[in-house]
A.B. asks: 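This is the structure I have questions about; it appears just below.
Numbers for residues simply follow the sequence, beginning at 1. All heavy atoms count here, side chains included; hydrogens, waters and symmetry mates do not. These numbers come from a predicted model, not from an experiment.
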Amino acid sequence: MSRHHVFQRAGVLAATVGAAGLLGAGIASAHVTANVYGPQPAKGGYGAIFFRVPNEEAGAGTVKVEVDLKPEYGIGGLRTKPIPGWTAEVTSSPLAQPVTTASGTKITKAVTKVVWTAQPGTKIAAGSTEFQEFEISAGPLPSNVDQLEFPAIQTYEDGKVVQWNQPTPASGEEPEHPAPVVKLAAAEGDGDHAAATTTTTGGAEAESSSSDTTARWLGGAGLVVGALGLGVGAGAILRSRRPATTAPGKTGGTE
């Protein structure tokens, strides 16, 4: 499946279950979060991730959102989903040390920041009842980490800036301004493909064996029917050659 189709499917799923996701997050989780719909992105692969940004200020709306990508992730490609009323700017920076991807490609320049800016007349409205989702598709993702951390900056129209950049400790206790995080699934290997190939081949062999057995039965039945036909034909010939029998009390010849 192409990357375009993967990201397209992710967008459709996001639109379908967005409301359910919001209810699941709850008002208590009113901070910038990183999320995915469907399977988690795999290490070394590509993935669609969206950042849900609520508004926590009662008297000011959100007009700018910045998300940082750590240079050591070595993410060489990133696209943003268009949002009416917002402009997106992607920044790439040269790496001090090249990063080698799972496929062996060396990345010397990686995406380090994405900034969404509201156009005049657009904002995430003041209060705690509205939010906006900013979606990206990126990759290849690093293969040497279990999760991606995306420090974010939220700017309000009154000039207030909130940093969402605090790492969550191993204890799991959430800090006041946690950085958005997305967990990565295990890298996709060839094991499943090999198993599928073996299963498919085995199924074909079983089907072939079944077909061969059926053909043999049909062939044998044909021989039996043919032999019966020959027997019936031979009997008819013998009956036709049998001499006629004179009825009792009658003699042959003319009077």
Side-chain angles (χ1 to χ4, degrees), residues 1-15 18 21 31-53 62 64-83 86-117 132-155 161-168 175 177-190:
M1 182 180 295
S2 67
R3 275 179 273 162
H4 173 73
H5 289 161
V6 172
F7 301 143
Q8 188 177 43
R9 286 180 59 191
V12 172
L13 286 171
H31 52 253
V32 178
T33 58
N35 308 271
V36 298
Y37 285 123
Q40 294 298 118
K43 297 179 180 179
Y46 290 79
I49 301 168
F50 67 91
F51 302 95
R52 177 175 292 159
V53 182
T62 299
K64 188 177 182 180
V65 175
E66 304 174 54
V67 173
D68 291 332
L69 288 78
K70 296 183 179 182
E72 57 265 32
Y73 291 160
I75 297 177
L78 184 146
R79 296 181 181 180
T80 61
K81 182 177 180 178
I83 302 175
W86 293 80
T87 59
E89 181 181 358
V90 180
T91 300
S92 295
S93 306
L95 299 177
Q97 295 291 334
V99 174
T100 303
T101 66
S103 63
T105 303
K106 285 191 175 183
I107 304 295
T108 58
K109 190 177 183 180
V111 178
T112 53
K113 182 183 286 288
V114 186
V115 180
W116 288 272
T117 305
Q132 181 61 266
E133 292 180 346
F134 302 87
E135 186 175 352
I136 65 172
S137 61
L141 304 176
S143 57
N144 58 347
V145 297
D146 295 325
Q147 65 181 23
L148 301 177
E149 188 177 86
F150 299 98
I153 302 173
Q154 183 175 12
T155 302
V161 175
V162 179
Q163 303 267 357
W164 301 97
N165 60 0
Q166 297 175 335
T168 301
H177 295 95
V181 172
V182 165
K183 295 186 180 298
L184 297 179
E188 297 179 356
D190 294 332

A.B. asks: Output the distance between atom CG (N144) and atom OH (Y73), rounded to the nearest 0.5 Å.
C.D. replies: 9.5 Å
A.B. asks: Using modelled atom types only, decide if a donor and an acceptor are shared between the side chain of Q132 and the backbone of V53 within a distance under 3.5 Å.
C.D. replies: no
A.B. asks: Do you know which two heavy atoms are closest between E133 and I83, and how far apart they sit?
C.D. replies: O-CD1, 3.3 Å
A.B. asks: Could you please spell out the steps behind the side chain to side chain contact (heavy atoms under 4.5 Å, CB included) verdict for H177 and Q163?
C.D. replies: CA-CA 7 Å; H177 295 95; Q163 303 267 357; 6.0 Å; no
A.B. asks: I need the minimum non-hydrogen distance between E72 and V99, along with the two atoms involved.
C.D. replies: O-CG2, 4.1 Å
A.B. asks: Are any of the side-chain heavy atoms of T168 and V181 separated by less than 4.5 Å?
C.D. replies: no
A.B. asks: With a 4.5 Å heavy-atom cut-off, do I136 and V90 have their side chains touching?
C.D. replies: no
A.B. asks: Measure the spacing between CH2 of W116 and CD of E89 and express it to the nearest 0.5 Å.
C.D. replies: 11.5 Å
A.B. asks: Is a donor on one side and an acceptor on the other found under 3.5 Å between the side chain of Y37 and the backbone of A48?
C.D. replies: no
A.B. asks: Sub-3.5 Å donor-acceptor pair from the side chain of Q40 to the main-chain atoms of K183, do we have one?
C.D. replies: yes
A.B. asks: Angle class for the H31/W164 ring planes (parallel below 30°, perpendicular above 60°, tilted otherwise)?
C.D. replies: tilted
A.B. asks: Only distances under 3.5 Å count here; give the side-chain donor-acceptor pairs of residues 91-98 to other protein atoms, sequence neighbours excluded, each with its distance to 0.1 Å.
C.D. replies:
| residue | atom | partner | partner atom | Å |
| --- | --- | --- | --- | --- |
| S93 | OG | T112 | OG1 | 2.9 |

A.B. asks: Measure the shortest side-chain to side-chain distance between V182 and P41 over non-hydrogen atoms and say whether it is less than 4.5 angstrom.
C.D. replies: yes
A.B. asks: Please report the interatomic distance CD(E66) to CD1(I153), rounded to the nearest 0.5 Å.
C.D. replies: 4.5 Å
A.B. asks: Give me the atom names and distance for the closest heavy-atom approach of V32 to Q154.
C.D. replies: CG2-OE1, 3.9 Å
A.B. asks: How close do P175 and P167 get, heavy atom to heavy atom, and via which atoms?
C.D. replies: CG-O, 3.8 Å
A.B. asks: When rounded to the nearest 0.5 angstrom, what is the spacing between CD in Q147 and NZ in K43?
C.D. replies: 10.5 Å
A.B. asks: What's the separation between atom CD1 in I75 and atom CD1 in I107, rounded to the nearest 0.5 Å?
C.D. replies: 10.0 Å
A.B. asks: So which heavy atom on G44 is nearest to which on A102, and how close?
C.D. replies: CA-CB, 4.3 Å
A.B. asks: Fit a plane to each ring of F134 and W86, take the angle between them on a 0 to 90° scale, and name the class: parallel (under 30°), tilted (30 to 60°) or perpendicular (over 60°).
C.D. replies: perpendicular
A.B. asks: Side chain to side chain contact (heavy atoms under 4.5 Å, CB included) between L184 and L141: does it pass, once the steps are laid out?
C.D. replies: CA-CA 9 Å; L184 297 179; L141 304 176; 3.9 Å; yes
A.B. asks: Kindly determine whether F51 and V65 satisfy side chain to side chain contact (heavy atoms under 4.5 Å, CB included), including the steps that lead there.
C.D. replies: CA-CA 10 Å; F51 302 95; V65 175; 5.8 Å; no
A.B. asks: How many angstroms lie between CD1 in I49 and CG in L148, if you round to the nearest 0.5 Å?
C.D. replies: 5.5 Å
A.B. asks: Between G76 and P140, which heavy-atom pair has the shortest distance, and what is it?
C.D. replies: N-CD, 4.4 Å
